[in-house]
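All of these numbers come straight from a predicted model, not from anything done at the bench. Numbered from 1 within each chain, the chains take letters A, B, ... in sequence-line order.
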Amino acid sequence: MDVSHLLDELNEAQREAVTAGSGHMLVLAGAGSGKTRVLVHRIAWLIQVEHVSPMGLMAVTFTNKAAGEMRGRVGKLLGIAPNGLWIGTFHGICHRLLRLHAREAGLPETFQILDSEDQYRLIRRLIRDMEFDEGEFPPRQVQGFINHHKDEGRRPDEIEVWDQGFQASQVEIYRHYQAACERTGLVDFAELLLRTVELLRDRPERLAHYRQRFGHLLIDEFQDTNTLQYALVRLLAGDDNRLFVVGDDDQSIYGWRGARVENVQHYARDFSPLVVRLEQNYRSTGTILEAANRVIDHNDDRMGKNLWTEGEPGEPIRVFAAYNAEDEADFIIGRIEDWIRAGRKPSEAAVLYRSNAQSRLFEQALLRADIPYRVYGGLRFFERAEVKDAMAYLRLVHNRDDDSAFERVVNVPARGIGQRTVAELRQAAGSRGLSLYQAAVALCAEDALAARARKAVGAFITLIDGLAGELTDAELGPAMDRIIQATDLIEHYRGREAPDRVEAREENLTELVRAAETFSQPFEDEQAGLSPLASFLAQAALEAGEHQAEHWQDCVQLMTLHSAKGLEFPLVFMAGMEEGLFPHSRSVEEPGRLAEERRLCYVGMTRAMELLYMSFAESRQLHGQTSFSRPSRFVGELPEHLTESIRPGLTTRPAGPTSPQPEDGLPPLGAQVRHPSFGDGTVVEREGQGANTRIQVHFEQAGPKWLIAGYAPLERLS
DNA sequence: GTGCGACGATTTTAG
DNA sequence: ATCGTCGCAC
């Protein structure tokens, strides 16, 4: 067979990966080195050359977007829809396996996926029920605790309790939370994976079946896998199946949410794969690549990789020193205007920043300049309150025992069922082993509620019952529409929010009806015996949708450095390159976290194709207070011959004469000071104003210290 | 049971 | 500054 179409467009390293023979593979794929192309061509190669059945392949990614892109490109390359081929996210694939084997996994057939917000609400409620202090056990933190242990594959009994107080209590909450989920058939995101691992571990015949079936496993973004995901991969691989793993240890930026870069090394150790490095970059200029290489070179323990390009060196990296954050925004928007004036498109420009709070100034400046923009981040479609409310009604109508949905909407819109009444329902449900809905029916029948509450609860039951009867055989779209009308959701928002907010919510609900109308069930879900409704609900949870309704416009892109991963732009601005912001102050203490910040910087730089700007501000408003800072150490790691300073002279300490310094009699930046116990040092940062001003002093002996300027016994030396 | 003012925390985020 | 949660008054 002629396989030239699979190999023609590949370089030597890519070709080696695509055509690899019998063993396992590890593809260390640098930024912009054509990693998706290699994965797609590898799948086509396996099917067309090695004659592997599409049914015998599993390809796993982290995002739905990546899965969708891979599916589309494989289909295009093969010339057919790759039906039967399991391409999906870890969560999507685990969900499918659990649907197929719900019973054996110990789950009801109707189990529902609990998204992060539902999970948070449930945990918060349990903490209250267990009469723990929410201040001492912040629900967010407990949620993190539970998810962290699940990501590591641990059940409550498997957690080593070393502290009888705080930690033991969190384990107890985890235990209660898990019991509540089991009772009501709820599965959170981490649970999708953990259950699947346990299913395969405890059911040898199932494991044998899937090992038999999936002779080839391809895993993308391996540096982002957590312990559980690696465990799943190992289980499915067994001794005989072939792994094709793609990753880049230099782009590991999700350690804080459980990702283990070490998995790349562990994989190399456990499976002795053939290692191929993709180092030829097709995206950025030579200058950008060299600078990025030099920055990432400051990290230890790398697997080692050096990006290169056949292309031109291009423009130097522009480093801009702003007086303050407004100045920085104006400068950046000015350069974007230049870009557009030169005939380039706004959508080719991206402003990247470390934290979402930084977006505001850029939005304002872009608004003033009348340049269209799009901000990534914030709530996604299925995470919006009105959409979640409507979906909760849909869930409740479909399954009246869905307690999570019941809790969410029982009093939305307000119908006189307050905390008091709901607590009684919970109480009754708990003691009699009923769902909240069943408890509500029972208490009404027994006349066990206050007259007013009884009437309100009765009306709610009638509403849900009526809808359920009416919509038994209805199509998804009309059902959704009817539910929104019958529940008066829009009126509910109209009564309590500003008109423009209400309008937006109304649009989203219209969009939701449209989404329900146009929903078409994925082939694989149908195969797994799911109803269209179940598929729709699962998709809403697993693919929360876009951040913004797609008005496909030619927009400047604003996003965090994290969300920029995987994207590329001809013109990139990295803003807020300041110590404390980037690297973030919470990351500088631990070397491991600092290394991750540096990788984030590397990711940001390698997004740029033609022109890269880095900027920092000497001062900016942070949490309502002015704070001063020095340029990021990452800027200092750029080789000088690759950069061009704009407005130089302000970039070095002590600050130049034009730098604004508050006249408050406290030692300014750069001042030499003496402390009775720490010795002599230099003032390097200050935060806040007046008596609260905190200053950071680099002491020659004692190192960096934060001091309250008004109280610290400091003596000015210069 | 609902609505408003005080209080405190505030990196990154897919599924 | 800003947002979300809590406690108190209607």
Side-chain angles (χ1 to χ4, degrees), chain A residues 60-67 88-95 113-120 124 128 133-135 138-141 144 147 150-151 187-193 220-221 224-226 228-229 252-259 325 352-361 376-380 382-383 385 411 413-423 450 452-453 456 495-496 538-547 559-566 576 580-588 593 596-597 599-601 603-604 620-627:
Chain A
V60 191
T61 63
F62 273 81
T63 67
N64 290 299
K65 197 172 158 206
T89 62
F90 273 105
H91 293 87
I93 281 169
C94 287
H95 174 245
I113 298 170
L114 199 66
D115 70 19
S116 312
E117 193 199 347
D118 295 343
Q119 184 189 38
Y120 171 81
R124 187 178 60 183
R128 288 175 182 172
D133 176 11
E134 266 180 83
R140 284 260 169 255
Q141 200 182 319
N147 288 337
K150 285 195 177 191
D151 284 346
V187 175
D188 61 49
F189 289 132
E191 186 76 16
L192 286 170
L193 295 162
D220 193 12
E221 305 272 21
D224 289 339
T225 52
N226 63 30
L228 207 44
Q229 287 157 341
S252 163
I253 56 174
Y254 288 115
W256 51 273
R257 69 174 195 210
L352 311 183
Y353 36 77
R354 180 65 234 273
S355 78
N356 283 309
Q358 288 167 259
S359 74
R360 230 188 65 199
L361 287 173
Y376 284 67
L379 286 185
R380 293 152 68 216
F382 280 100
E383 293 168 351
N411 203 32
R415 49 173 71 86
I417 306 174
Q419 275 312 299
R420 182 74 206 274
T421 309
V422 176
R452 242 165 98 174
R496 55 209 329 245
Q539 270 217 13
L542 288 175
E543 310 185 28
E546 284 290 326
H547 284 290
M559 69 188 83
T560 62
L561 287 155
H562 281 91
S563 19
K565 188 170 159 211
L581 241 194
F582 188 39
H584 196 272
S585 53
R586 298 200 179 194
S587 300
V588 292
R593 310 210 53 190
E596 185 160 306
E597 295 278 306
R599 293 194 290 268
L600 188 56
C601 182
V603 166
R620 70 171 64 232
Q621 298 287 118
L622 224 55
H623 317 312
Q625 288 204 311
T626 306
S627 70

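The salt bridge (Lys or Arg N to Asp or Glu O under 4.0 Å) search around A:D115 returns A:K388, not counting sequence neighbours. Take A:H584 and apply the ring-ring contact (aromatic ring centres under 6.0 Å, His included) test, not counting sequence neighbours, and it matches no residue. With sequence neighbours left out, A:R128 forms a salt bridge (Lys or Arg N to Asp or Glu O under 4.0 Å) with A:E134. Qualifying salt bridge (Lys or Arg N to Asp or Glu O under 4.0 Å) partners for A:E543, counting only residues two or more places apart in sequence or in other chains: none.
Positionally, the nearest nucleotide of DNA chain B for A:R415 lies more toward the 5' end than for the other of A:R415 and A:H562. Nearest-nucleotide positions on DNA chain B for A:R593 and A:N64 put A:R593 closer to the 5' end.
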Self-check item: Where protein sits on nucleotides 2-10 of chain C, one letter per nucleotide: B base, S sugar-phosphate only, - none, heavy atoms under 4.0 Å
Solution: S--SS----
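Looking at heavy-atom distances under 4.0 Å, A:R420 makes contact with sugar-phosphate atoms alone, never a base. Nucleic acid contact for A:D224: none, since no nucleic acid atom lies under 4.0 Å from a heavy atom of the residue. Contacts of A:R599 with the nucleic acid, taken as non-hydrogen atoms under 4.0 Å apart, are absent. Contacts of A:S116 with the nucleic acid, taken as non-hydrogen atoms under 4.0 Å apart, include base atoms.
Relative ring orientation between A:H562 and A:W256 is described as perpendicular, the plane-to-plane angle rising above 60° on a 0-90° scale split at 30° and 60°.
Along DNA chain B, read 5' to 3', the first and last nucleotides having any atom under 4.0 Å from a heavy atom of chain A are B:dG1 to B:dG15.
At least one donor-acceptor pair closer than 3.5 Å links the side chain of A:Y353 to the backbone N or O of A:M559. At distances below 3.5 Å, not a single donor-acceptor pair connects side-chain atoms of A:Q141 with backbone N or O atoms of A:P138.
Classification of A:R593 and A:E596 as a salt-bridged pair fails, no side-chain N sitting under 4.0 Å from a carboxylate O.
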